[in-house]
Amino acid sequence: MSAPVQPPEARVETAHPEAEGYRAGRTLPLRVEAMRQLRRRRTLLMGGVLAALPFILIIAFAIGGTPDGEDGGGGRGGGSRINLMDVATESAANFAATSLFVSAGFLLVIPVALFCGDTVASEASWSSLRYLLAAPVPRVRLLWSKLVVALGFSLAAMVLLPVVALAAGTAAYGWGPLKLPTGGALSAGDTVPRLAIVVAFIFVSQLVTAGLAFWLSTKTDAPLGAVGGAVFLTIVGNVLDAVTALGSWRDFLPAHWQFAWADALQPQLEWGGMIKGAAVSVTYALILFALAFRGFSRKDIVS
């Protein structure tokens, strides 16, 4: 007597759930995702804009003469207000610090929002997201790979600017100590480590924008909506920080600490403001990243 034929449902349940040799952790390697993002036109365009900024500033200083700013970038949260524009052409180090100052408030927000907000939403807009998941690439692995690469490119953008500024500033103004507008100077040996601290803090402070952009990228199929939404909410934070009537409530706004890195450009390095600002930014970023992973894991992927 022949064995009864199993119904289709039973055959599916008894089948091996994974193909031979399949390893979820090996899907979508970081180098593959990095090369995909590196070849995209918007990556090359953003890199070109950031690399061109120092040369634009050199031309502006050459046309306008000696910088004479009236309002500097104060280190909120404990740092005294300084005016980097007054000493921008004193040395390459001063020029690099000035380039970071003029771009940290808004320009450096753009690459962070672009790299983190475009990464998932662009796949959905191309209708390729469902094919990646069908490969199969686990959802957590997909998001993790894209987030790590996006943050890596964001950090690279922030490193590119001061590196180019140091090179261009050395050619235009010479290498020397970092002269402080409040008096005194940092030795040439201390200049690069202090600028590295500045870049690190700016990156950490921009994690909020990265979290906003990445979360919105998992909620929409429109990359421009995710990028624009993150930039808009960042601007709203800056506007709220300008409302002095909020008093101590502004301490909970990431924008309130965005220039705390000025404490690193003092004769005596001060960590207080940067630690507070980093704590606020990391807290918001972790919440937003968690929302992105939680929402995407339950989302119906139809594009």
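If you read the sequence from its start, that first residue is 1, and numbering goes on from there. None of these values were measured; they are calculated from a predicted model.
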Out of curiosity, [X] [atom1] to [Y] [atom2], how far, rounded to the nearest 0.5 Å?
{"X": "I58", "Y": "I63", "atom1": "CD1", "atom2": "CD1", "value": "12.0 Å"}
{"X": "Q37", "Y": "S145", "atom1": "CD", "atom2": "OG", "value": "11.0 Å"}
{"X": "L233", "Y": "L288", "atom1": "CG", "atom2": "CG", "value": "9.5 Å"}
{"X": "F95", "Y": "L178", "atom1": "CZ", "atom2": "CG", "value": "13.5 Å"}
{"X": "Y173", "Y": "F61", "atom1": "OH", "atom2": "CZ", "value": "6.0 Å"}
{"X": "H256", "Y": "L246", "atom1": "NE2", "atom2": "CG", "value": "10.5 Å"}

Can you see which heavy atom on [X] is nearest to which on [Y], and at what distance?
{"X": "I235", "Y": "F106", "value": "CD1-CE1, 4.0 Å"}
{"X": "F201", "Y": "A278", "value": "CE1-N, 3.9 Å"}
{"X": "S187", "Y": "T191", "value": "O-OG1, 3.0 Å"}
{"X": "P177", "Y": "L186", "value": "CB-O, 3.1 Å"}
{"X": "V227", "Y": "A113", "value": "CG2-O, 3.5 Å"}
{"X": "V112", "Y": "M158", "value": "CG2-CE, 3.3 Å"}

Summary of salt bridge (Lys or Arg N to Asp or Glu O under 4.0 Å) pairs that have at least one residue in residues 88-109, sequence neighbours excluded:
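Only E90-K179 qualify under salt bridge (Lys or Arg N to Asp or Glu O under 4.0 Å).
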Does anything in residues 162-172 form a salt bridge (Lys or Arg N to Asp or Glu O under 4.0 Å)? List the pairs, not counting sequence neighbours.
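Found none.
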Got [X] and [Y] here, is their nearest side-chain heavy-atom distance under 4.5 Å?
{"X": "L269", "Y": "I197", "result": "yes"}
{"X": "P54", "Y": "V164", "result": "yes"}
{"X": "W271", "Y": "D263", "result": "no"}
{"X": "L151", "Y": "L155", "result": "no"}
{"X": "V87", "Y": "L180", "result": "no"}
{"X": "N238", "Y": "Q258", "result": "yes"}
{"X": "V140", "Y": "S297", "result": "no"}
{"X": "R36", "Y": "K146", "result": "yes"}

Derivation of the side-chain contact (heavy atoms from CB on, under 4.5 Å) call for Q206 and T209
CA-CA 5 Å; Q206 293 296 340; T209 301; 3.3 Å; yes
Closer than 3.5 angstrom, by distance alone: can the side chain of [X] be matched with the main-chain N or O of [Y] as a donor-acceptor pair?
{"X": "R250", "Y": "D241", "value": "yes"}
{"X": "S217", "Y": "V120", "value": "yes"}
{"X": "T43", "Y": "R39", "value": "no"}

Looking at L142, V148, T119, L147, which hits side-chain contact (heavy atoms from CB on, under 4.5 Å) with E33?
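Exactly one candidate clears the test, T119.
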Please check if any side-chain donor atom of [X] sits under 3.5 Å from a side-chain acceptor atom of [Y], or the reverse.
{"X": "S281", "Y": "S205", "answer": "no"}
{"X": "Q266", "Y": "R194", "answer": "no"}
{"X": "D251", "Y": "S248", "answer": "no"}

Hey, quick one: are [X] and [Y] part of the same hydrophobic cluster, counting side-chain heavy atoms closer than 4.5 Å, chains of contacts allowed?
{"X": "L114", "Y": "V49", "result": "no"}
{"X": "F252", "Y": "V243", "result": "yes"}
{"X": "I56", "Y": "L166", "result": "no"}
{"X": "L108", "Y": "L44", "result": "no"}
{"X": "L224", "Y": "V236", "result": "no"}

Walk me through it: do L57 and S99 pass the test side-chain contact (heavy atoms from CB on, under 4.5 Å)?
CA-CA 8 Å; L57 290 176; S99 298; 3.6 Å; yes
Hey, is CH2 on W249 packed in by over 12 heavy atoms from elsewhere, all under 6.0 Å?
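Counting neighbours around CH2 of W249, 12 or fewer heavy atoms of other residues, nucleotides or ligands fall under 6.0 Å, so no.
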Mind telling me whether F101 and F259 have parallel, tilted or perpendicular rings, with 30° and 60° as the class edges?
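Answer is tilted, since the angle falls between 30° and 60°.
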In terms of relative ring orientation, are F115 and F153 parallel, tilted or perpendicular, with 30° and 60° separating the classes?
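Taking F153 first and then F115, their aromatic rings sit tilted (interplane angle of 30° to 60°).
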Residues in side chain to side chain donor-acceptor pair (under 3.5 Å) with R294, at least two apart?
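If we apply the side chain to side chain donor-acceptor pair (under 3.5 Å) test to R294, skipping adjacent residues, there are no hits.
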Could you walk me through whether D118 and R40 pass the side-chain contact (heavy atoms from CB on, under 4.5 Å) test, one step at a time?
CA-CA 11 Å; D118 181 69; R40 295 191 59 186; 2.4 Å; yes
Can W215 and F293 be said to form a side-chain contact (heavy atoms from CB on, under 4.5 Å), step by step?
CA-CA 8 Å; W215 174 60; F293 276 85; over 6 Å; no
